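Note that the structure is a prediction, hence the values are computed from the model and not measured. Within every chain, numbering begins at 1; the chains are lettered A, B, ... in the order of the sequence lines, protein sequences first and strands thereafter.
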2 protein chains.
Amino acid sequence: MNGRLKSVFGGRIVLDKREDILQAALELFAERGYYGTAVSLIAEKARVGSGTIYRYFQDKEQLVNELYRYWKTEVANAVKVEYAENMPLRTLFHETWKRWVDFAMNNREAYSFLVAHHHGPYLDKVSMEINEKIHGEYLAFFEVGRQAQVIKDINPELIMAIVTGIFSEMMREYWAGHLQLTPEIIEQAEEACWHAIRR
Amino acid sequence: MNGRLKSVFGGRIVLDKREDILQAALELFAERGYYGTAVSLIAEKARVGSGTIYRYFQDKEQLVNELYRYWKTEVANAVKVEYAENMPLRTLFHETWKRWVDFAMNNREAYSFLVAHHHGPYLDKVSMEINEKIHGEYLAFFEVGRQAQVIKDINPELIMAIVTGIFSEMMREYWAGHLQLTPEIIEQAEEACWHAIRR
DNA sequence: AATTTCGGACTGAACGTTCATTCCGTATGA
DNA sequence: TCATACGGAATGAACGTTCAGTCCGAAATT
């Protein structure tokens, strides 16, 4: 996914144009949005002919969906914490928060892309199923916390909205240049978020 | 703004097509987005010829900006609380939260429109200045709370991100059909939000 | 009162542009 | 020689915008 990957084809080493296209599309979609990005622009940035894109992707819609699924899965894996026996939920939350911030700051384009396309009408059934699957996993986590009487006894969907709302708005303000994100401030945000959901 | 307003012209009562156009555009932009809405579609919904739109608005961009400014100001006025002497900040927050929810639920299209277009590249200088002005007023409120040691001693921009993040994500989940918004749940969300920002 | 003229709101076909997608000639390696 | 990869001009649909003409109430004229 870094545009310089190679693949072996018939014993020959070849630049993988498919990766170039995906990387160029990621950056352009994140910056300009789906409708604001012409296919010819993606081709130019990836240094391929526009026809070449259609050798690798059925159409523009399949391209954006492939990107979406890939990065959605990536971020889900990135925030996953290997669960240790008896780990307090507060600690689990802290670890997850940390990973989430790390991912967003180290993969700005991917994170921006995901946020901007999360509700796009061009997302297909498969992408939406992935969304719901991951959403469900997080819900289950909050349900556990509720049962353990650590988290407020309210609808887990609301808990979820609180956490994702705080996080995404924080990142948005950061990228808009209105808010610095020092380790101290990141911790303050985490603390505030926890205060919102803890019992 | 309800598409049935009338204006008097030369002693004669006439349907105000300008209002029809604004209302049609509001609904379509909210539902389909700016790029997803063809001008001809707005014309059809407003029952006017597409040329008529250009009698009232310079172009599509001016139309979306006019809508944005109007509703941004409307919501700002709608949530404003007449401040009574010695009113606790917690009460002020409660009143504001209530008004905000009321506005969003009673003006779904307008609220969705504002959220969806808040960062659109077609917003002009005037619209962005209105944004910053209103943003600044809210920041000042949180600054007062901080000085009074009622609200956490952290960057007001972060406080702001927390409150708007929770609210907008809550409304999103509501309109997606994932979350009911009973008075009880609305209060739980308000309470959680306050927990996040109180000292 | 009846008829004509006038102004401008209004329409929608037409225009030029942009875009996603296709097509085909060329290049490359087997 | 053949098959495949590739580039980019060509294609046609869709879009925002324009403009020549239509329509209609009001004013002017008879």
Original post:
Going by the side chain to side chain donor-acceptor pair (under 3.5 Å) test, which pairs reach into residues 90-101 of chain A, not counting sequence neighbours?
Top reply: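 Applying side chain to side chain donor-acceptor pair (under 3.5 Å) to every pair that reaches into residues 90-101 of chain A, excluding sequence neighbours, yields A:Arg90-A:Glu190, A:Arg90-A:Glu191, A:His94-A:Glu190, A:Glu95-A:Arg99.
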
Report the distance from atom [atom1] of [X] to atom [atom2] of [N], rounded to the nearest whole Å.
{"X": "A:Tyr56", "N": "C:dA20", "atom1": "OH", "atom2": "P", "value": "20 Å"}
{"X": "A:Phe29", "N": "C:dC19", "atom1": "CZ", "atom2": "P", "value": "13 Å"}
{"X": "A:Phe57", "N": "C:dA20", "atom1": "CZ", "atom2": "P", "value": "15 Å"}
{"X": "A:Ile42", "N": "D:dG7", "atom1": "CD1", "atom2": "C1'", "value": "16 Å"}
{"X": "B:Arg55", "N": "D:dG21", "atom1": "CZ", "atom2": "C1'", "value": "14 Å"}
{"X": "B:Arg47", "N": "C:dC10", "atom1": "CZ", "atom2": "P", "value": "16 Å"}
{"X": "A:Asp16", "N": "D:dC6", "atom1": "CG", "atom2": "C1'", "value": "14 Å"}
{"X": "A:Leu28", "N": "C:dA20", "atom1": "CG", "atom2": "P", "value": "11 Å"}

Original post:
Closer than 4.0 Å, any side-chain N/O of A:Lys17 to the OP1 or OP2 of D:dT4?
Top reply: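 For D:dT4, neither OP1 nor OP2 has a side-chain N or O of A:Lys17 closer than 4.0 Å.
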
Between the protein and nucleotides 16-18 of chain D, list every N/O to N/O distance that falls short of 3.5 Å.
{"residue": "D:dG16", "atom": "OP1", "partner": "B:Thr37", "partner atom": "O", "Å": "3.4"}
{"residue": "D:dG16", "atom": "OP1", "partner": "B:Lys60", "partner atom": "NZ", "Å": "2.5"}
{"residue": "D:dG16", "atom": "OP2", "partner": "B:Val39", "partner atom": "N", "Å": "2.8"}
{"residue": "D:dT17", "atom": "OP2", "partner": "B:Tyr54", "partner atom": "OH", "Å": "2.5"}
{"residue": "D:dT17", "atom": "OP2", "partner": "B:Lys60", "partner atom": "N", "Å": "3.0"}
{"residue": "D:dT17", "atom": "O5'", "partner": "B:Tyr54", "partner atom": "OH", "Å": "3.4"}

Original post:
Do we get A:Lys17 above A:Tyr56's six-membered ring, with its NZ or CZ under 6.0 Å from the centre and within 45° of the axis?
Top reply: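 Output no; distance or angle outside limits.
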
Subject >> Cluster check A:Val144, A:Ile159: I/L/V/M/F/W/Y, side chain < 4.5 angstrom >> reply: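 Not linked; separate clusters.
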
**OP:** Check the hydrophobic clustering (I, L, V, M, F, W, Y; side-chain heavy atoms under 4.5 Å; chains of links allowed) and say if B:Tyr83 and B:Phe141 are grouped together.
**Re:**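 Yes; B:Phe141 is reachable from B:Tyr83 via cluster members.
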
**OP:** Any chance you could measure B:Leu26, atom CG, to B:His117, atom NE2, to the nearest 0.5 Å?
**Re:**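 B:Leu26 atom CG to B:His117 atom NE2 measures 9.0 Å (nearest 0.5 Å).
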
**OP:** Would you mind checking if A:Glu137 and A:Lys133 are paired as a salt bridge, meaning a charged N to carboxylate O distance below 4.0 Å?
**Re:**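 Judged by the 4.0 Å cut-off on N to carboxylate O distance, A:Lys133 and A:Glu137 do form a salt bridge.
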
